[in-house]
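See structure below.
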Amino acid sequence: MLHWLFIKHKVITQQQNRKTMDRTFLQKTTIAILLTTTFFVLSITSSYAQSFCIEKNSDQITGEQDGFRYELWNQNSQGKACMTLGSGALFSGEWNGILNYLARRGLSYDETQTHSEIGKFFSTYDCDYRPTTESGNSYLSIYGWTVDPLIEFYIVEDWRNWIPSMDKNATLKGSFTVNGSTYDIYENTRVNQPSIVGNTTFQQYFSIRRDVRNSGTINISDHFEMWESLGMKLGKMYEVSYVVEGYKSNGSFNFKALDVYVEKP
(Lines give C-alpha, C1' and ligand atoms only; values in the text may rest on other atoms or scores of the structure.)
Protein backbone atom coordinates (compact mmCIF):
# COMPACT_ATOMS: atom_id res chain seq x y z
CA MET A 1 0.00 0.00 0.00
CA LEU A 2 2.78 2.41 0.92
CA HIS A 3 4.67 1.49 -2.25
CA TRP A 4 1.55 2.25 -4.35
CA LEU A 5 1.07 5.62 -2.63
CA PHE A 6 4.73 6.48 -3.26
CA ILE A 7 4.35 5.67 -6.98
CA LYS A 8 1.12 7.73 -7.19
CA HIS A 9 2.80 10.69 -5.45
CA LYS A 10 5.75 10.44 -7.85
CA VAL A 11 3.46 10.45 -10.92
CA ILE A 12 1.48 13.46 -9.63
CA THR A 13 4.72 15.33 -8.87
CA GLN A 14 6.02 14.64 -12.38
CA GLN A 15 2.76 15.90 -13.89
CA GLN A 16 2.92 19.09 -11.79
CA ASN A 17 6.56 19.63 -12.82
CA ARG A 18 5.60 19.24 -16.50
CA LYS A 19 2.77 21.77 -16.09
CA THR A 20 5.17 24.20 -14.40
CA MET A 21 7.69 23.72 -17.22
CA ASP A 22 4.93 24.24 -19.82
CA ARG A 23 3.81 27.47 -18.15
CA THR A 24 7.43 28.69 -17.92
CA PHE A 25 8.01 27.87 -21.59
CA LEU A 26 4.77 29.64 -22.57
CA GLN A 27 5.73 32.72 -20.54
CA LYS A 28 9.21 32.81 -22.07
CA THR A 29 7.76 32.36 -25.56
CA THR A 30 5.22 35.16 -24.99
CA ILE A 31 7.95 37.50 -23.72
CA ALA A 32 10.16 36.65 -26.69
CA ILE A 33 7.30 37.39 -29.12
CA LEU A 34 6.54 40.68 -27.40
CA LEU A 35 10.20 41.70 -27.45
CA THR A 36 10.51 40.73 -31.11
CA THR A 37 7.34 42.66 -32.02
CA THR A 38 8.50 45.71 -30.06
CA PHE A 39 11.89 45.60 -31.74
CA PHE A 40 10.21 45.29 -35.15
CA VAL A 41 7.92 48.27 -34.50
CA LEU A 42 10.82 50.34 -33.18
CA SER A 43 12.88 49.35 -36.22
CA ILE A 44 10.13 50.54 -38.57
CA THR A 45 9.77 53.80 -36.63
CA SER A 46 13.51 54.43 -36.54
CA SER A 47 13.82 53.70 -40.25
CA TYR A 48 11.56 56.70 -40.90
CA ALA A 49 12.83 59.03 -38.16
CA GLN A 50 15.87 60.95 -39.34
CA SER A 51 17.11 63.92 -37.33
CA PHE A 52 19.70 66.52 -38.22
CA CYS A 53 20.85 69.99 -37.23
CA ILE A 54 22.68 72.72 -39.10
CA GLU A 55 26.40 72.67 -38.34
CA LYS A 56 28.67 75.70 -38.18
CA ASN A 57 30.22 75.06 -41.59
CA SER A 58 26.90 75.04 -43.47
CA ASP A 59 23.51 76.75 -43.46
CA GLN A 60 21.41 74.32 -45.53
CA ILE A 61 20.43 70.63 -45.67
CA THR A 62 18.22 69.27 -48.47
CA GLY A 63 17.04 65.89 -49.63
CA GLU A 64 14.08 63.66 -50.43
CA GLN A 65 12.41 60.87 -48.46
CA ASP A 66 9.13 59.01 -49.06
CA GLY A 67 8.54 61.12 -52.18
CA PHE A 68 8.64 64.44 -50.32
CA ARG A 69 11.39 67.03 -50.58
CA TYR A 70 12.75 68.44 -47.34
CA GLU A 71 14.94 71.42 -46.54
CA LEU A 72 16.38 72.92 -43.40
CA TRP A 73 17.88 76.40 -43.68
CA ASN A 74 19.53 78.44 -40.97
CA GLN A 75 20.86 81.80 -42.11
CA ASN A 76 24.54 82.27 -41.18
CA SER A 77 24.50 78.99 -39.18
CA GLN A 78 23.52 80.94 -36.10
CA GLY A 79 22.11 79.29 -32.96
CA LYS A 80 20.43 75.86 -32.96
CA ALA A 81 18.34 74.73 -35.94
CA CYS A 82 17.13 71.12 -36.10
CA MET A 83 14.63 69.02 -38.02
CA THR A 84 13.32 65.43 -37.78
CA LEU A 85 11.66 63.56 -40.65
CA GLY A 86 8.79 61.15 -40.03
CA SER A 87 6.90 58.86 -42.39
CA GLY A 88 5.25 60.31 -45.47
CA ALA A 89 5.35 64.11 -45.32
CA LEU A 90 5.54 64.33 -41.53
CA PHE A 91 8.27 66.37 -39.88
CA SER A 92 9.09 68.23 -36.69
CA GLY A 93 11.77 70.65 -35.54
CA GLU A 94 13.10 73.15 -33.06
CA TRP A 95 15.09 76.36 -33.14
CA ASN A 96 16.65 78.86 -30.75
CA GLY A 97 19.15 81.69 -30.96
CA ILE A 98 18.73 81.86 -34.74
CA LEU A 99 18.67 84.71 -37.23
CA ASN A 100 16.31 83.09 -39.77
CA TYR A 101 15.15 79.44 -39.61
CA LEU A 102 13.09 77.58 -42.23
CA ALA A 103 12.14 73.90 -42.02
CA ARG A 104 9.95 72.65 -44.82
CA ARG A 105 8.64 69.53 -46.51
CA GLY A 106 6.57 69.06 -49.62
CA LEU A 107 6.66 68.63 -53.40
CA SER A 108 9.48 69.66 -55.71
CA TYR A 109 9.42 70.32 -59.45
CA ASP A 110 11.89 70.80 -62.29
CA GLU A 111 10.88 74.38 -63.19
CA THR A 112 9.33 73.35 -66.53
CA GLN A 113 5.59 73.57 -65.72
CA THR A 114 3.20 76.13 -64.28
CA HIS A 115 0.89 75.23 -61.42
CA SER A 116 -2.11 74.90 -63.76
CA GLU A 117 -0.20 72.48 -66.00
CA ILE A 118 0.65 70.31 -62.99
CA GLY A 119 -2.85 70.22 -61.46
CA LYS A 120 -4.80 71.38 -58.40
CA PHE A 121 -2.73 71.66 -55.22
CA PHE A 122 -4.10 70.85 -51.75
CA SER A 123 -2.81 70.28 -48.25
CA THR A 124 -4.27 68.77 -45.08
CA TYR A 125 -2.42 69.25 -41.81
CA ASP A 126 -2.45 69.19 -38.02
CA CYS A 127 0.52 70.83 -36.32
CA ASP A 128 1.53 71.24 -32.68
CA TYR A 129 3.05 74.69 -33.28
CA ARG A 130 4.91 76.24 -30.34
CA PRO A 131 6.90 79.37 -31.13
CA THR A 132 7.88 81.68 -28.29
CA THR A 133 6.36 85.14 -28.11
CA GLU A 134 9.08 87.00 -26.22
CA SER A 135 10.89 88.23 -29.32
CA GLY A 136 11.18 87.86 -33.07
CA ASN A 137 8.44 86.23 -35.14
CA SER A 138 7.32 82.97 -36.69
CA TYR A 139 5.02 81.69 -39.45
CA LEU A 140 3.18 78.41 -40.06
CA SER A 141 2.57 78.43 -43.82
CA ILE A 142 2.33 76.86 -47.20
CA TYR A 143 5.51 78.01 -48.91
CA GLY A 144 7.28 77.80 -52.24
CA TRP A 145 9.01 79.34 -55.21
CA THR A 146 8.52 79.77 -58.94
CA VAL A 147 10.99 80.84 -61.60
CA ASP A 148 10.46 83.05 -64.67
CA PRO A 149 9.45 85.12 -62.76
CA LEU A 150 11.26 84.41 -59.50
CA ILE A 151 8.55 84.48 -56.82
CA GLU A 152 8.60 83.48 -53.16
CA PHE A 153 5.08 82.78 -51.87
CA TYR A 154 3.35 82.12 -48.55
CA ILE A 155 -0.13 81.08 -47.44
CA VAL A 156 0.11 82.00 -43.76
CA GLU A 157 -2.13 79.92 -41.48
CA ASP A 158 -0.72 80.94 -38.09
CA TRP A 159 1.91 83.42 -36.91
CA ARG A 160 3.47 85.17 -33.89
CA ASN A 161 4.34 88.83 -33.25
CA TRP A 162 4.73 90.11 -36.81
CA ILE A 163 3.44 89.39 -40.31
CA PRO A 164 4.35 90.83 -43.73
CA SER A 165 1.23 93.04 -43.80
CA MET A 166 3.00 95.11 -41.13
CA ASP A 167 5.85 95.91 -43.53
CA LYS A 168 5.50 99.52 -44.67
CA ASN A 169 6.50 98.46 -48.18
CA ALA A 170 3.87 95.71 -48.47
CA THR A 171 0.96 96.42 -50.80
CA LEU A 172 -2.55 95.13 -50.08
CA LYS A 173 -3.84 93.63 -53.33
CA GLY A 174 -7.20 92.25 -52.23
CA SER A 175 -8.99 89.69 -50.06
CA PHE A 176 -10.99 86.52 -50.62
CA THR A 177 -12.70 83.80 -48.61
CA VAL A 178 -11.78 80.11 -48.76
CA ASN A 179 -11.53 77.19 -46.31
CA GLY A 180 -13.65 78.94 -43.72
CA SER A 181 -11.86 82.27 -43.43
CA THR A 182 -10.88 85.45 -45.23
CA TYR A 183 -7.31 85.80 -46.46
CA ASP A 184 -5.73 89.20 -47.10
CA ILE A 185 -3.37 89.26 -50.06
CA TYR A 186 -0.16 91.29 -50.06
CA GLU A 187 2.79 91.76 -52.39
CA ASN A 188 6.27 92.89 -51.43
CA THR A 189 9.66 93.33 -53.07
CA ARG A 190 12.85 91.87 -51.61
CA VAL A 191 16.06 93.60 -52.69
CA ASN A 192 19.33 91.66 -52.79
CA GLN A 193 18.09 88.96 -50.40
CA PRO A 194 18.68 85.17 -50.22
CA SER A 195 16.69 83.10 -52.73
CA ILE A 196 16.86 79.74 -54.50
CA VAL A 197 19.24 81.32 -57.03
CA GLY A 198 21.40 83.21 -54.54
CA ASN A 199 21.12 86.79 -53.34
CA THR A 200 18.94 88.76 -55.74
CA THR A 201 15.81 90.92 -56.01
CA PHE A 202 12.42 89.19 -56.27
CA GLN A 203 8.71 89.52 -55.47
CA GLN A 204 6.93 87.95 -52.52
CA TYR A 205 3.24 87.00 -52.51
CA PHE A 206 1.30 86.47 -49.27
CA SER A 207 -2.17 85.22 -48.38
CA ILE A 208 -2.62 85.83 -44.64
CA ARG A 209 -5.48 84.10 -42.84
CA ARG A 210 -7.46 86.37 -40.51
CA ASP A 211 -8.63 83.55 -38.22
CA VAL A 212 -5.38 81.76 -37.42
CA ARG A 213 -5.37 77.99 -37.06
CA ASN A 214 -2.93 75.08 -36.91
CA SER A 215 -5.00 72.32 -38.53
CA GLY A 216 -7.33 71.95 -41.50
CA THR A 217 -7.41 71.80 -45.30
CA ILE A 218 -5.88 74.35 -47.67
CA ASN A 219 -7.02 74.71 -51.28
CA ILE A 220 -3.62 75.95 -52.42
CA SER A 221 -4.51 76.42 -56.08
CA ASP A 222 -7.38 78.75 -55.13
CA HIS A 223 -4.72 81.15 -53.81
CA PHE A 224 -2.60 80.77 -56.95
CA GLU A 225 -5.59 81.60 -59.13
CA MET A 226 -6.65 84.55 -56.98
CA TRP A 227 -3.13 86.01 -57.04
CA GLU A 228 -3.00 85.78 -60.81
CA SER A 229 -6.44 87.39 -61.12
CA LEU A 230 -4.97 90.35 -59.22
CA GLY A 231 -2.04 90.65 -61.63
CA MET A 232 0.42 88.71 -59.41
CA LYS A 233 1.95 86.43 -62.00
CA LEU A 234 3.44 83.07 -61.04
CA GLY A 235 6.11 81.28 -63.03
CA LYS A 236 7.17 77.66 -63.41
CA MET A 237 7.02 75.63 -60.23
CA TYR A 238 10.09 74.89 -58.14
CA GLU A 239 8.42 73.88 -54.88
CA VAL A 240 5.15 73.67 -52.92
CA SER A 241 5.84 72.85 -49.29
CA TYR A 242 4.65 73.30 -45.75
CA VAL A 243 7.06 75.49 -43.79
CA VAL A 244 7.70 76.59 -40.24
CA GLU A 245 9.77 79.76 -40.17
CA GLY A 246 11.32 81.63 -37.26
CA TYR A 247 13.10 84.98 -37.23
CA LYS A 248 15.15 85.97 -34.17
CA SER A 249 12.95 83.69 -32.07
CA ASN A 250 12.83 80.29 -30.38
CA GLY A 251 10.33 77.49 -30.70
CA SER A 252 9.37 73.98 -31.74
CA PHE A 253 6.72 72.21 -33.82
CA ASN A 254 5.48 68.73 -34.63
CA PHE A 255 3.22 67.80 -37.54
CA LYS A 256 0.86 65.08 -36.30
CA ALA A 257 -0.75 64.89 -39.75
CA LEU A 258 0.43 66.34 -43.06
CA ASP A 259 -0.10 65.78 -46.75
CA VAL A 260 0.63 67.98 -49.74
CA TYR A 261 -0.89 66.56 -52.92
CA VAL A 262 -2.05 67.29 -56.44
CA GLU A 263 -5.20 66.40 -58.33
CA LYS A 264 -4.20 66.02 -61.97
CA PRO A 265 -5.99 68.14 -64.59
Side-chain angles (χ1 to χ4, degrees), residues 69 71 73 100 102 104 106-125 137-213 216-245 247 260-265:
R69 180 185 186 274
E71 181 169 342
W73 184 69
N100 198 7
L102 280 83
R104 60 198 198 254
L107 304 175
S108 63
Y109 294 95
D110 62 2
E111 306 171 26
T112 63
Q113 293 179 296
T114 65
H115 68 89
S116 58
E117 290 172 330
I118 295 169
K120 292 278 190 180
F121 288 84
F122 298 88
S123 177
T124 57
Y125 74 103
N137 61 60
S138 178
Y139 311 145
L140 175 69
S141 312
I142 290 294
Y143 176 84
W145 290 85
T146 72
V147 299
D148 301 324
L150 183 65
I151 304 293
E152 181 182 36
F153 61 81
Y154 291 80
I155 302 170
V156 180
E157 294 284 285
D158 201 353
W159 58 278
R160 296 294 185 275
N161 291 353
W162 189 90
I163 47 176
S165 58
M166 298 177 183
D167 189 328
K168 64 180 182 179
N169 297 314
T171 301
L172 177 64
K173 304 289 288 188
S175 302
F176 81 121
T177 299
V178 66
N179 299 127
S181 184
T182 298
Y183 289 79
D184 296 313
I185 299 171
Y186 286 84
E187 183 175 1
N188 198 7
T189 302
R190 297 283 282 168
V191 179
N192 195 30
Q193 294 297 315
S195 77
I196 56 172
V197 295
N199 283 15
T200 189
T201 298
F202 54 91
Q203 296 300 108
Q204 292 179 311
Y205 299 163
F206 299 93
S207 285
I208 302 172
R209 188 181 177 94
R210 290 183 186 175
D211 302 318
V212 297
R213 62 176 182 172
T217 297
I218 308 173
N219 293 20
I220 300 170
S221 287
D222 286 0
H223 294 264
F224 293 165
E225 291 165 6
M226 179 56 67
W227 295 343
E228 291 182 327
S229 74
L230 295 170
M232 300 162 65
K233 183 181 177 182
L234 289 165
K236 296 177 180 179
M237 302 306 295
Y238 171 82
E239 170 190 11
V240 180
S241 298
Y242 218 110
V243 70
V244 175
E245 180 170 356
Y247 177 75
V260 183
Y261 60 96
V262 176
E263 292 182 0
K264 300 293 185 181

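Quick note: numbers below take in every heavy atom, side chains included, and nothing from hydrogens, waters or symmetry partners. The first residue in the sequence is number 1, and the count goes up from there.
Only one option out of Phe176, Tyr205, Tyr154 pairs with His223 in a side chain to side chain contact (heavy atoms under 4.5 Å, CB included); it is Phe176. Here the rule is ring pair (Phe, Tyr, Trp, His ring centres under 6.0 Å) with Phe153, and of Tyr238, Tyr186, Phe224 only Phe224 fits it. If you run side-chain hydrogen bond (donor to acceptor under 3.5 Å, both in side chains) between Tyr143 and each of Glu239, Glu245, Glu152, only Glu152 comes through. Among the candidates Phe121, Tyr242, Phe122, Tyr125, the single residue satisfying the ring pair (Phe, Tyr, Trp, His ring centres under 6.0 Å) test with Tyr261 is Phe122.
Put simply, NZ on Lys173 and CD1 on Ile185 are 10.0 Å apart, with the number rounded to the nearest 0.5 Å. Atom CG of Asp222 is separated from atom CD1 of Ile155 by 9.0 Å, given to the nearest 0.5 angstrom. In this structure, OH in Tyr139 is found 10.5 Å from CG in Asn161, a value given to the nearest 0.5 Å. Atom NZ of Lys120 is separated from atom CD1 of Ile220 by 12.0 Å, given to the nearest 0.5 angstrom. One distance of note links CG of Asp184 with OG of Ser207; it measures 9.0 Å at 0.5 Å rounding.
Side-chain contact between Glu228 and Leu234: present, with at least one pair of heavy atoms (C-beta onward) separated by less than 4.5 Å. Contact check for Thr146 versus Lys236: no side-chain heavy atoms found under the 4.5 Å cut-off. In this structure, the side chains of Trp159 and Leu140 stay at 4.5 Å or more apart for every pair of heavy atoms. In this structure, Ile151 and Phe202 have side chains that are not in contact, with every pair of non-hydrogen atoms separated by 4.5 Å or more. Side-chain contact between Met226 and Met232 is absent, with no heavy atoms from C-beta onward closer than 4.5 Å. No side-chain heavy atom of Ser221 sits less than 4.5 Å from a side-chain heavy atom of Glu263. Side-chain contact check for Asp158 versus Arg160: some heavy-atom pair is nearer than 4.5 Å.
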**Request:** Verify side chain to side chain donor-acceptor pair (under 3.5 Å) between Asn188 and Asn169, making sure each step is shown before the conclusion.
**Result:** CA-CA 6 Å; Asn188 198 7; Asn169 297 314; 5.2 Å; no
Run the numbers on Thr182 and Thr177 for side chain to side chain donor-acceptor pair (under 3.5 Å), then give the verdict. CA-CA 4 Å; Thr182 298; Thr177 299; 3.1 Å; yes
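A centroid separation of 6.0 Å or more is found between the aromatic rings of Tyr247 and Trp162.
Nearest heavy-atom pair, Gly180 versus Asp211, reported as atom, atom and distance to 0.1 Å: O-OD2, 4.5 Å. Closest non-hydrogen pair, Ser123 versus Val260, comes out as OG-CG2, 4.0 Å. Across every non-hydrogen atom of Gly198 and Ser195, the tightest pair is O-OG, 2.6 Å.
A salt bridge links Glu157 with Arg213: at least one charged nitrogen is closer than 4.0 Å to a carboxylate oxygen.
Of the possible polar contacts, none joining the Thr114 side chain to the Gly235 backbone as a donor-acceptor pair under 3.5 Å is found. In this structure, Asn179 contributes its side chain and Asn219 its backbone to a donor-acceptor pair below 3.5 Å. Side-chain atoms of Gln193 come within 3.5 Å of backbone N or O of Val191 as a donor-acceptor pair.
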